[in-house]
Amino acid sequence: MAKVRTHDPEGNELLQEMTNLQWGLQFVKLKIQEMIFNGRKTDQCGVIIFGSDKTRNILSKGGYDRVEEYIPIAQPNAGTLAKLDALEPSGEAGDPLDGLIVAIHTQDVHLGSKRTWTRKVVLVTDGENPIEVEDLQQTIKKINELEIGVTIVGIDFDDDDEFPYEEEDKTHIKAENESFYARLVEELNNGVLGTCALALRETMRPDIKLTKSTLMGTTLRLGDPDSRPEEAMEINIKTSKCTALNRPKSWKKFGVREKPTREDKAKNKDADEEMEVDEPEEEGDSKKVTFVQLKMRTEYYVDRRDHNSDDEGDVKMEEPEKEPEIEEDGEEAPTNKLDPALEQVDKEELIRGFKYGTTYVPCPDGQFGRLPTKKGIEICGFFLAKNFRRELCLGEVQYVWGDPSQPEQEVAISSIAQAMYEKDAMAIARWVSKDGMDAKMGVLAPCIADGVDCLLWVGMPFADDVRKYTFASLDKLISKKGEVLAEHAYIPNEKQLEAMDNFVDAMDLMDAGEKDEEGNRGPWFDPLQSYNPAIHRIKQAQFHAAVVSDLTNNPLPPPHPELLKYFEPPRRVLKRARDAIEECKTEFKVKQVPKKVARARKDGHVHARDDDGDMLLLDMKPPTRTQSVSQSPSKIDVTVTASPSGKGKAVEPNNSDTEDSDDDMPAAKPKPSTPPAKKNSHSHNPLPTPARSLSPEIDPARAPGRIIGVTRPLADFKANIARGDMVSKAVEDLGAVITEIVLRPFANRRNTELMECLETLRDTCLKEDEIDAWNTFIKDLRDKCAFEPGNPQFWGEVKKAGRKLSLISDKEAEENGGASSISESKAEKVRL
Amino acid sequence: MPPYDDWNKIDEDEDDELQDASHLESKKDVILFCIDCSESMLELREDPTNADAQTCHAYVALESAMQIQKKKVIVGPSDAVGILLFNTTRKAETSRNQGSEIKKNCFVYQPIAPLSAPKIQELIQLLDAFREDPGELRKNFPPLSDGKRVAMGDVFTSCNWVLRDGAPKTASKRVFLITDEDNPHSGTGNKQLVTSARTTLIDLTQAGVGVEPFFISTPEKPFDVSKFYSSVLLPNNLVDEDDVDPDDPSVLPESISISRIEDLLDQMRFHEVPKRAQFSIPFELANGLSIGVKGYGLVAEQKKGAYKYFVDLGERMEIATVRTTYVDEDRQAEIEKPKMVFGMDVGAAGDDNDESGTRVVKPGQRPFYTAEDIRSFRTLGREPGLKLLGFKDRSELRFEDNIKHSQFIYPDETTYAGSKRTFSALLKSMIKKKKMGLVLSLTRRNASPVFCALLPQEERVDEAGWTDPAGFHLIPLPFADDIRAAPVEKGCRASESVKDAARAWIDKLSVKNGAYPPDSYPNPALAFHNAQLQATAFGEEFDIDSFEDLTAPKVDMIHKRAGKLLEAWKIAVANDENALSVPVEKAEKAKGTKRKADADVSEAEIRSRYSEGNLKKLTVEQLKTFLKSKGQQSSGKKADLLERVEEYLTSN
């Protein structure tokens, strides 16, 4: 077992060298891990090793040397695995039969009176040691008597069935032993022999944990048994789950336990003299890292400050919005950063209640009185199955059986099921699971099986549960003139329809499954064969992590192929559909739209410049967009990614894939070269270079987020306006750029250019209905020019220009189809 | 369900999928009702529901607004609502003034503010006052006289200002425009007013506000969109910028409701919840052929609101912020999220393990996974998207293959140009061939892949004017892991005659062309809860008797139609030869547990014993079983049981 291996039997190189012992122990640990995973008190195991350098077992008085009872039989835990990890190969030879006999006895003694327990022995060996076959027949007899299942896992044993493998240069003794084991298994009533590699693979095969649904008793009613018992129906029924959503086993959270700091130690020393004695041990300990399982703790905080109810809602609402995004991204974010004004309160001080808008409604019980209901399923009426809307079904499906202990009840259900089946009808049925529980509406459908008739129930939505959203018609496009359009880019034409028909035919799965006995192919895909990949993959990962101590050197092997078998369409179907697919590609000409630029809000740049808090909001969701924004992926998009905020909460724009936004299209994926935007301290800082270099066409003088640069503002602006998109953004940016230039030293060199900019800007504002933007901007410019570091001289120039650069009045606005809150006289009078 | 304490602290890892779109739901919604208060809106007319009363359009509009408020306050307690009236000469009192002044002849009745009981009550009082005195609304909001009307441009601008002042930045904002005037600018200067209306509307949409018009049409005054609004309204409300094609603005917005005044509330209800997509992902039809789709939740269980914790601060109640942390319990040290690693339970605490729940490794070793690893296990390394696997017959989708509610998908032209035509062609082809699709679906980054049936839905308009939209339903299929075996494999079956007897009453109780009608079944438990919540908030007494459970079966109707047939069927069941000849071993097998084998005695035997007069020889167990099987009470002493059995046998 000490032989070191570098490859697995399939010839793949192992990431880490391991001994045959370690290789074989993997299987043992996985088996034990499964017991830990299932956590049953009735799953116990122990470990006997043979070829040990010690002799310690219950039979050691009568021979059986070098056999050690290494781990006594008990319910296993992580310690069991750790102990196995500590095993080292010895130089001693061990006799597997000795080990087997000790195992049988140890097990028998342990189980003593527990006759009903299932007994299993797994023998792991490389088959390189001589075997003493003296008492063989007696042992076999004993094994069969005790009904022990014996599994022999041989390291690098030959296998030609499921796992074709043949070891080269096999030693003579091993070949002999392999055939001995084969004969042994033959003679056992319940014996299996397999090669270790196959055994390892099979432990990863997805298996279904069979859950037997319990039968719950209730009553199926029709009519009113209280007032008209002779006419009313009451059937004793049992219900049981037909489908039940299964989830992956949860992960436990761990953290590294912090070492006590020097000060702590010092403190301890003062307090406790004995600590000094422990010191050497501590030293030894410090070379290890301790991971500790974390426990959840809930804390309650209250903000005692007086504030108006208006923004209270705001503050509250942000939390749930942010949480999932951070969660999803795993971005480094300061967790749960607390507002210092919050004060922790005891749970005992809290009162339960509901919010009715901003009104507080006390409800100390946590719920109001319930509607009185009576346990049972009540039938409300019947309808034809063809009118059933399958997509409305809410959740898990239940079986409804006539009470199996009461034939009459079974007959009653059977007669209803048969009659409904014959009529092809379903029933509307209201289910109350317990007296006083909330009623659920649902539908009963007949189910005629081989030996029994029953009903199936599935929950259906209440009026409250159905959302009625409006969607534009796909076929009926009406022009503004009220005409129905027959041709449009949204409506497929004849050729396209034909291409799609061919595609649908070619991709048919009804004859793509496995052949049955008669050689006919059935449909491909069966829910009964489809494993939940997440459940089994996570289980595999959990097992793996429990049995290896370092995931970097020993990463998780790929998922079992069985998990992925339905992830791709069957190959023969794809082959058949090749032409149809090509035809569809040519006909439909679907093109990915370059990622749209998020349009910053009108006052966006204000936030971008100074307010970190608001920047956060901007980061999270670019709040408004327009229909006309379509621009090559660059600029603003990049800004949003990179805009840091003082709080360091960099949230990538593409993480909101559940938002109603376009943020999450592949085009928006952060390029691998882009480092996640992190701790830039100020939003004015340049972008992280990789992101910038992605779009080299950006005018270097454009500040992040702006579409107008300071180098050639007018040209930039005109180009934008000519394209007709992002007018508001252009207006706002030009304003910002002008202000920026004006406040710079030596701005007067560019006075002519700036005046020109202003005139164009005002003109555009007037025509493009950005009047408010202009009026706000020009007032702002005045203020900025007046104060330090201002530019009163430039403002003088503006004033000289007169009406050309004044506020836009309502009269002017109206002439241009806009609106302004500034009256004509005011505009004329106010020289700003 | 009463929210247990434990349910409130959802462990975010395991329940990512459970939470689904919960953070979407938490997004605030703001509605500004913008109601026309012109002469025609205030004109009194007969109330169709109450012959003695009078009503007017403005009243109905305000009442609908009130109903929507009542609904919203419960569904989204943080949502905000406001009411703006136009075409009225009422001027704002200074006390109520907003940050910005508002256009003339527009009046802010309720500024945008979070919903609250007093706010709703104020509106209810106004409506009550109108019912007392139909002149009340006119008195409160005198209409512009002489057929004068305020320019729609001014109305939109006012809306913009009101929303700007009152609505939180991140909320979804909508204006519900209610008017009966299809041509507000009929006079001179028409053209300019149209332009100004359009530009102010663009302004509004650019501020992130959607306008949803509700036009009132009456026989005397039908509403013609083409007179004014079709040239003003934008191709779409931009809250959801689905369908904007910059090259072709010729298509009308998808939601214009022109309705009779009676249907106004229903129409508003359709729009009550803002349309929000739950995901926007690519749909790969084949390698190299992908289109864009958006997913919407059309069915989702609406639950009672969870209670919150409050702290009594004396003068007010303040909501407590709940914070969940993870700690190393022995050391009472909090571990921050980024530092957490994941593994599995270390198993039952061993005796030799003095510090349970720990794992010690050498430095540099990594025995646990990172959050990133965990996610890749869940998604199997896939990116969000739908992937078509092929097509199957529609009949392959069985009733029992259900595990979770469905979602609805609709093409998204903004991510892939050509999505609509491709989607449309696929839909048509599948409907024609009666096929469903099989797709592998991963809708969100932290979900896990599931197989779904893709069920095509044809566009259809029903009598109520509601349109079933064209699109696909995405129905999650159960995995093998989710399917439970049937615990009963053999059972007594009914004979032909009993089946026919059942068929008789089933026929009588079938609704012709009926289906499951979700709209007729408001959730009684939810309504009961909300009614009490509202009563408490309003400071009223909750009147339990006024509450009606609409889901309760109509028993009188059932008895009237099928009572006699049911009686006949019951006799048939009781005399069914299969039921009478109880195979003993069957009874034993059915419940192979501790129950005595002789507990079951067939009805025939009991009847014969009854006629022979030796019922007393039966055991208590047998009597109980029999009574239970007849739906009778099975408690009490043997004498009581005997009496009850005799009673039953005489009456049946």
Side-chain angles (χ1 to χ4, degrees), chain A residues 36 77-79 224 231 234 246 250-251 255 293-294 300-302 313 320 330 335 350 355-360 367-368 371 380 382-383 387 391 393 404 406-408 410-411 414-415 418-419 438 451-452 462 464 469 471-472 474 490 492 500 509 532 534 542 550 581 590 624 627 660 769 817, chain B residues 2 14 26 73 77-78 115-117 195 199 208 244 254-255 275 277 286 302 309 311 317 320-321 326 335 337 342 344 346-347 350 357 365 371 390 402 418 420-421 425 448 469-470 473 479 481 490-492 494 498-499 502-503 510 514-515 523 525 528 532 537 553 555 563 579 590 629 631:
Chain A
I36 298 175
N77 59 27
D224 183 3
E231 284 183 350
E234 275 194 298
N246 214 341
S250 67
W251 291 94
Q293 191 169 337
L294 305 179
Y300 301 87
Y301 291 88
V302 69
T335 39
L350 301 170
K355 276 183 85 178
Y356 185 83
T358 55
T359 316
Y360 157 75
Q367 57 167 318
F368 293 112
L371 200 59
C380 302
F382 294 85
F383 64 92
N387 294 330
E391 69 275 12
C393 295
Q406 300 171 35
E408 198 183 320
E410 285 192 306
V411 166
S414 166
S415 71
Q418 286 184 34
D438 295 346
V452 64
F462 286 112
D464 318 61
Y469 293 145
F471 291 89
L474 286 181
Y490 290 170
M500 187 55 81
L509 299 173
N532 183 335
Q542 288 174 334
D550 187 19
I581 292 170
V590 184
T624 53
Q627 80 277 40
D660 188 8
D769 195 45
Chain B
E14 29 192 326
S26 66
V73 72
S78 306
L115 287 154
S116 67
T195 325
T199 44
V244 182
E254 58 186 54
S255 70
K275 180 174 151 193
Q302 186 80 55
Y309 285 107
V311 184
M317 300 300 289
T321 312
Y326 289 90
I335 307 280
K337 223 167 215 167
F342 302 86
M344 66 171 298
V346 280
Q365 285 191 328
N402 202 72
K420 275 204 168 175
R421 56 176 174 264
S448 49
H473 295 287
F479 289 106
D481 312 73
K490 277 232 162 318
C492 263
V498 183
K499 184 257 304 171
R503 175 74 195 259
S510 294
N523 185 345
F528 195 68
Q532 291 178 82
V555 281
S629 75

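Hydrogens, waters and symmetry mates are skipped; everything else that's a heavy atom, side chains included, is used.
Within the 3.5 Å criterion, the main-chain N or O of B:V555 finds no donor-acceptor partner in the side chain of A:D224. Within the 3.5 Å criterion, the main-chain N or O of B:T195 finds a donor-acceptor partner in the side chain of B:T199. Judged by distance alone, with hydrogens and angles left aside, the side-chain atoms of A:T359 form a donor-acceptor pair with the main-chain N or O of B:A117 at under 3.5 Å. Checked by atom type and distance alone, the side chain of A:N246 pairs as donor or acceptor with a backbone atom of B:D481 at under 3.5 Å.
The candidate with the highest count of non-hydrogen atom pairs below 4.5 Å against chain A, out of B:A286, B:G418, B:A515, B:A470, is B:A515. Most heavy-atom pairs under 4.5 Å with chain A, from the set B:N523, B:V498, B:L115, B:V311: that is B:N523. Ranked by heavy-atom pairs under 4.5 Å with chain A, the first of B:A502, B:G563, B:A525 is B:G563. Between chain A and the residues B:R421, B:Q532, B:H473, the largest count of heavy-atom pairs under 4.5 Å involves B:R421.
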